[in-house]
Amino acid sequence: MAAGSGSIDALGQFQLHPTLGFIGSSVNFTQSNLMMVVAGLLVLALLWLGMRPRAMVPGRLQAAAELSYDFVLSMCVDQIGPEGRKFFPFVFTLFFFILFGNLLGVFPYFFTFTSHIVVTLALTLVVFFLSTGVAIRIHGLHFLSYFVPQGVPKALIPLLFVIEVISYLSRIISLSVRLFANMMAGHVMLEVFGAFTIMLGGLGLLGYMSAGLTLGLNTLLIGFELLVATLQAYVFAVLTCIYLHDAVHLH
């Protein structure tokens with residue numbers, strides 16, 4: 001932010017910069033890539049350190065790991081059916097990678113890599129091609145019947161087929177933009193209100209009082225951002241399960 005000059009650069013926080021010194025510059029390894037590595041290591045640490053004791057009465061970390069496992073497994077089975085167990089590793093990895101990526105950016109000196117559309121689009125394309133590939137592998141050319149609603153007059157089939165295909169392809173846009181837009185908007189709000197706090201602090205006693213109010217509001221926004229970060233990871237995982245359900249059952 002450029003609060004000292006009376007202006008707010010709310011989008012500057014999303015700029016990518018090479019990190020890890022010379023190595024980062026030579027291979028264009030940015031802070032976004034670094035946070036992806038950190039998110040992956042945190043997921044592995046949660047599972048490895050959490051399940052390492054294997055105690056009958058689990059401690060806090062083991063309980064968190066077990067609850068995480070059961071939560072995602074239940075999501076897969078409830079949304080996809082018994083076949084959901086086969087997709088559990090993928091959904092589990094996707095959910096916690098996005099969750100940790102969302103949450104990391106709330107802390108100072110960290111970066112939210114899910115605030116970039118290229119990242120959320122890449123994740124969405126993986127989900128899209130996986131679900132489509134599963135549908136083709138299970139149903140073959142019968143997969144095309146997914147785009148023809150039952151009981152439709154034959155004269156309307158060509159029109160409805162085109163509409164259904166467009167709707168199917170729109171998943172790529174809706175899934176990627178939803179995550180990207182929510183994370184970007186939340187951090188922009190935090191940046192703006194944080195800049196207001198600094199700017200108002202230089203306006204004397206009344207400014208200090210106003211700055212206190214904006215600081216309190218910014219604290220509430222941080223809590224709200226933590227909630228949104230968790231919900232967006234959950235929504236992404238649930239929609240992935242729904243798309244896989246459609247691929248398995250064709251409805």
Side-chain angles (χ1 to χ4, degrees), residues 13-20 24 29-53 58-76 79 84 87-128 130 175-191 219 221-244:
Q13 60 181 309
F14 302 110
Q15 293 180 357
L16 298 178
H17 307 284
T19 188
L20 297 183
F29 190 86
T30 66
Q31 75 271 34
S32 178
N33 304 114
L34 179 61
M35 289 301 101
M36 292 181 194
V37 174
V38 172
L41 291 176
L42 287 175
V43 177
L44 292 175
L46 171 64
L47 296 177
W48 186 71
L49 295 176
M51 298 309 298
R52 188 179 181 184
R60 293 181 180 179
L61 194 58
Q62 183 178 339
E66 292 178 355
L67 286 174
S68 301
Y69 182 96
D70 291 338
F71 173 73
V72 179
L73 180 60
S74 298
M75 183 196 307
C76 293
Q79 297 293 333
F87 303 104
F88 164 74
F90 172 73
V91 177
F92 184 92
T93 303
L94 188 68
F95 172 72
F96 278 98
F97 181 72
I98 295 175
L99 177 62
F100 279 94
N102 292 349
L103 294 176
L104 281 174
V106 180
F107 297 95
Y109 305 109
F110 285 84
F111 183 82
T112 309
F113 56 80
T114 48
S115 64
H116 277 211
I117 185 64
V118 66
V119 175
T120 60
L121 179 61
L123 294 173
T124 300
L125 288 175
V126 172
V127 172
F128 178 82
L130 173 65
L175 194 59
S176 60
V177 171
R178 180 186 294 106
L179 176 58
F180 147 74
N182 276 278
M183 300 314 302
M184 184 178 184
H187 285 283
V188 167
M189 282 197 303
L190 289 174
E191 184 86 3
T219 303
L221 285 176
I222 292 175
F224 179 73
E225 185 67 9
L226 291 172
L227 176 62
V228 170
T230 304
L231 286 177
Q232 287 304 311
Y234 175 74
V235 169
F236 200 100
V238 166
L239 289 176
T240 298
C241 291
I242 292 175
Y243 297 158
L244 288 171

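Since the structure is predicted, the reported quantities are computational estimates derived from the model, not experimental observations.
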Engineer: Considering residues at least two apart in sequence or located in another chain, which fulfil the side chain to side chain contact (heavy atoms under 4.5 Å, CB included) criterion with Leu121?
Structural biologist: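 Leu121: side chain to side chain contact (heavy atoms under 4.5 Å, CB included) contacts with Leu125, Ile172, Ser176.
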Engineer: Is any side-chain heavy atom of Phe180 closer than 4.5 Å to one of Val118?
Structural biologist: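 No - every pair of side-chain heavy atoms lies 4.5 Å or more apart.
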Engineer: Looking only at heavy atoms, what is the nearest atom pair of Gly101 and Ala39, with distance?
Structural biologist: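 Closest heavy-atom pair between Gly101 and Ala39: N-CB, 4.2 Å.
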Engineer: Side chains of residues 89-97: which donor-acceptor pairs under 3.5 Å do they make with residues two or more places apart or in other chains?
Structural biologist:
| from | atom 1 | to | atom 2 | distance (Å) |
| --- | --- | --- | --- | --- |
| Thr93 | OG1 | Pro89 | O | 2.8 |

Engineer: Taking the side chain as every heavy atom from C-beta outward, state whether Leu239 and Val235 have any pair of such atoms under 4.5 Å apart.
Structural biologist: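 Side chain of Leu239 against side chain of Val235, heavy atoms only: contact under 4.5 Å found.
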Engineer: Please list, chain by chain and in numerical order, all residues satisfying side-chain hydrogen bond (donor to acceptor under 3.5 Å, both in side chains) with Asn182, sequence neighbours excluded.
Structural biologist: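 For Asn182, no residue satisfies side-chain hydrogen bond (donor to acceptor under 3.5 Å, both in side chains) once neighbours in sequence are set aside.
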Engineer: Measure from the side-chain N and O atoms of Gln79 to the backbone N and O of Val238, and report whether any donor-acceptor pair falls under 3.5 Å.
Structural biologist: no
Engineer: Return the set of residues passing ring pair (Phe, Tyr, Trp, His ring centres under 6.0 Å) with Tyr243 (not counting sequence neighbours), or none when no residue passes.
Structural biologist: none
Engineer: Find the distance between CG (Leu47) and CG (Leu44) and round it off to the nearest 0.5 Å.
Structural biologist: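 Reported value, rounded in 0.5 Å steps: 7.0 Å.
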Engineer: Please report the closest heavy-atom contact between Ile117 and Thr120, naming both atoms and the distance.
Structural biologist: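 Looks like O-OG1, 3.1 Å.
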Engineer: From Leu123 CG over to Leu179 CG, what is the distance, rounded to the nearest 0.5 angstrom?
Structural biologist: 7.5 Å
Engineer: Using the side chain to side chain donor-acceptor pair (under 3.5 Å) rule, collect all pairs that involve residues 36-47, keeping only residues at least two apart or in two chains.
Structural biologist: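 Listed once each, the pairs would be none.
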Engineer: Going by side chain to side chain contact (heavy atoms under 4.5 Å, CB included), name the residues that satisfy it together with Val37, two or more places apart in sequence or in a different chain.
Structural biologist: Phe29, Leu41
Engineer: Once you round to the nearest 0.5 Å, how far does CG of Leu104 lie from CG of Leu34?
Structural biologist: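 Output value for this atom pair is 10.0 Å.
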Engineer: Only pairs at least two apart or in different chains count here, so list each side chain to side chain donor-acceptor pair (under 3.5 Å) that has a residue in residues 33-49.
Structural biologist: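 Counting only pairs at least two positions apart or across chains, the side chain to side chain donor-acceptor pair (under 3.5 Å) contacts touching residues 33-49 are Thr30-Asn33.
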Engineer: Ser74: which residues meet the side chain to side chain contact (heavy atoms under 4.5 Å, CB included) condition with it, sequence neighbours left out?
Structural biologist: Asp78
Engineer: Return a table of donor-acceptor pairs under 3.5 angstrom between the side chains of residues 109-116 and protein atoms on other chains or two or more places apart.
Structural biologist:
| from | atom 1 | to | atom 2 | distance (Å) |
| --- | --- | --- | --- | --- |
| Thr112 | OG1 | His187 | NE2 | 2.8 |
| Thr114 | OG1 | Asn102 | OD1 | 2.5 |
| Ser115 | OG | Thr112 | O | 2.5 |
| His116 | NE2 | Phe14 | O | 2.7 |

Engineer: Can you check whether Leu99 reaches Tyr234 side chain to side chain, under 4.5 Å on heavy atoms?
Structural biologist: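 Not touching, per the 4.5 Å side-chain cut-off.
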Engineer: Return all side-chain donor-acceptor pairs below 3.5 angstrom for residues 63-70, not counting sequence neighbours, or 'none' if the list is empty.
Structural biologist:
| from | atom 1 | to | atom 2 | distance (Å) |
| --- | --- | --- | --- | --- |
| Glu66 | OE2 | Gln62 | NE2 | 3.0 |
| Ser68 | OG | Ala64 | O | 2.7 |

Engineer: Kindly indicate whether the side chain of Leu16, heavy atoms from C-beta on, has any atom under 4.5 Å from the side chain of Gln31.
Structural biologist: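 They are in side-chain contact.
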Engineer: Can you list the steps and then say if Val127 with Thr124 is a side chain to side chain contact (heavy atoms under 4.5 Å, CB included)?
Structural biologist: CA-CA 5 Å; Val127 172; Thr124 300; 5.6 Å; no
Engineer: By ring pair (Phe, Tyr, Trp, His ring centres under 6.0 Å), which residues pair with Phe224, not counting sequence neighbours?
Structural biologist: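 For Phe224, no residue satisfies ring pair (Phe, Tyr, Trp, His ring centres under 6.0 Å) once neighbours in sequence are set aside.
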